[in-house]
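Notes follow the structure.
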Amino acid sequence: MYSARDRVEEAEWLAELERGADSLELSAEARSTAEDLFLSNVPESERSKPAVAAAALYAAALLAGEERAQTAVADAMDVSRLSVQQRWKPILEEAGFRPPSW
């Protein structure tokens, strides 16, 4: 779980998530879930944050029933599709969900 301080410290990345969600036209539910997933999985390395943010956004869209292509999410967040592909399942598992097997 994360604290209110985490939200303040990661404000820049939360703004990036919001920008990506705008680009993908995601609902408030998906946006809120993406923020929760990201804040619960913030990596220490600044270099890893874009990929984790994109994966959180992709996973949140799935959970909200607003599936978007990994490529579309990657483009919206300016990361590679491979970055999303490699990180979204562990983020769901960490949150207590069982990722689909497809």
Side-chain angles (χ1 to χ4, degrees):
M1 197 44 136
Y2 59 90
S3 68
R5 180 160 89 191
D6 294 331
R7 185 172 284 283
V8 172
E9 290 176 355
E10 300 302 333
E12 176 186 341
W13 287 105
L14 294 177
E16 284 296 311
L17 271 175
E18 190 66 27
R19 184 190 56 73
D22 283 346
S23 175
L24 295 165
E25 299 179 353
L26 295 176
S27 68
E29 176 189 357
R31 292 165 193 249
S32 177
T33 301
E35 287 182 8
D36 290 342
L37 290 173
F38 175 73
L39 290 171
S40 296
N41 293 280
V42 175
E44 296 213 9
S45 168
E46 284 294 318
R47 185 176 176 187
S48 297
K49 288 182 182 181
V52 172
L57 195 59
Y58 177 76
L62 287 177
L63 291 173
E66 301 176 40
E67 185 175 342
R68 300 295 191 270
Q70 289 178 1
T71 302
V73 174
D75 289 347
M77 296 297 291
D78 198 27
V79 300
S80 72
R81 185 192 60 78
L82 186 59
S83 294
V84 175
Q85 182 182 18
Q86 291 178 333
R87 289 176 175 83
W88 73 273
K89 286 183 181 181
I91 286 175
L92 280 182
E93 290 170 346
E94 179 69 27
F97 294 98
R98 187 173 11 173
S101 59
W102 35 262

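Keep in mind that this is a model prediction, so the values were computed, not measured. Values below: all heavy atoms of this structure, side chains included; hydrogens, waters and symmetry mates excluded.
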- prompt: So do the side chains of E93 and P99 get within less than 4.5 Å of each other, counting heavy atoms only?
  reply: yes
So, taking the atom named [atom1] in [X] and the one named [atom2] in [Y], what distance separates them when rounded to the nearest 0.5 Å?
| X | Y | atom1 | atom2 | answer |
| --- | --- | --- | --- | --- |
| L39 | L14 | CG | CG | 5.0 Å |
| E16 | K49 | CD | NZ | 12.5 Å |
| R81 | Q86 | CZ | CD | 9.5 Å |
| S83 | D78 | OG | CG | 10.5 Å |
| Q85 | T71 | CD | OG1 | 9.0 Å |

- request: Output yes when a side-chain donor or acceptor of D75 lies under 3.5 Å from a complementary backbone atom of A72, and no otherwise.
  value: no
- prompt: Between the main-chain N or O of E29 and the side-chain N or O of T33, is there a donor-acceptor pair closer than 3.5 Å?
  reply: yes
query: Does the pair Y2 and E10 meet the rule for a side chain to side chain contact (heavy atoms under 4.5 Å, CB included), with working shown?
result: CA-CA 11 Å; Y2 59 90; E10 300 302 333; over 6 Å; no
Measure across [X] and [Y] and return the closest heavy-atom pair with its distance rounded to 0.1 Å.
| X | Y | value |
| --- | --- | --- |
| A55 | R87 | CB-CB, 3.6 Å |
| I91 | A56 | CD1-N, 3.9 Å |
| A30 | A60 | O-CB, 3.3 Å |
| R7 | E35 | NH1-OE1, 2.9 Å |
| V79 | A54 | CG2-CB, 3.6 Å |
| A95 | L37 | CB-CD2, 3.6 Å |

query: Taking atom CG of D22 as the centre, does the number of heavy atoms from other residues, nucleotides or ligands within less than 6.0 Å exceed 12?
result: yes
field: Path from F97 to Y58 over hydrophobic side-chain contacts below 4.5 Å
entry: yes
Full working for side chain to side chain contact (heavy atoms under 4.5 Å, CB included) between Q70 and V73: CA-CA 5 Å; Q70 289 178 1; V73 174; 5.8 Å; no
- prompt: In terms of ring plane angle, is the pair W13 and F38 parallel, tilted or perpendicular, where the classes change at 30° and 60°?
  reply: tilted
field: Partner of R68 by side-chain contact (heavy atoms from CB on, under 4.5 Å), out of L62, L26, L57, V84
entry: L26
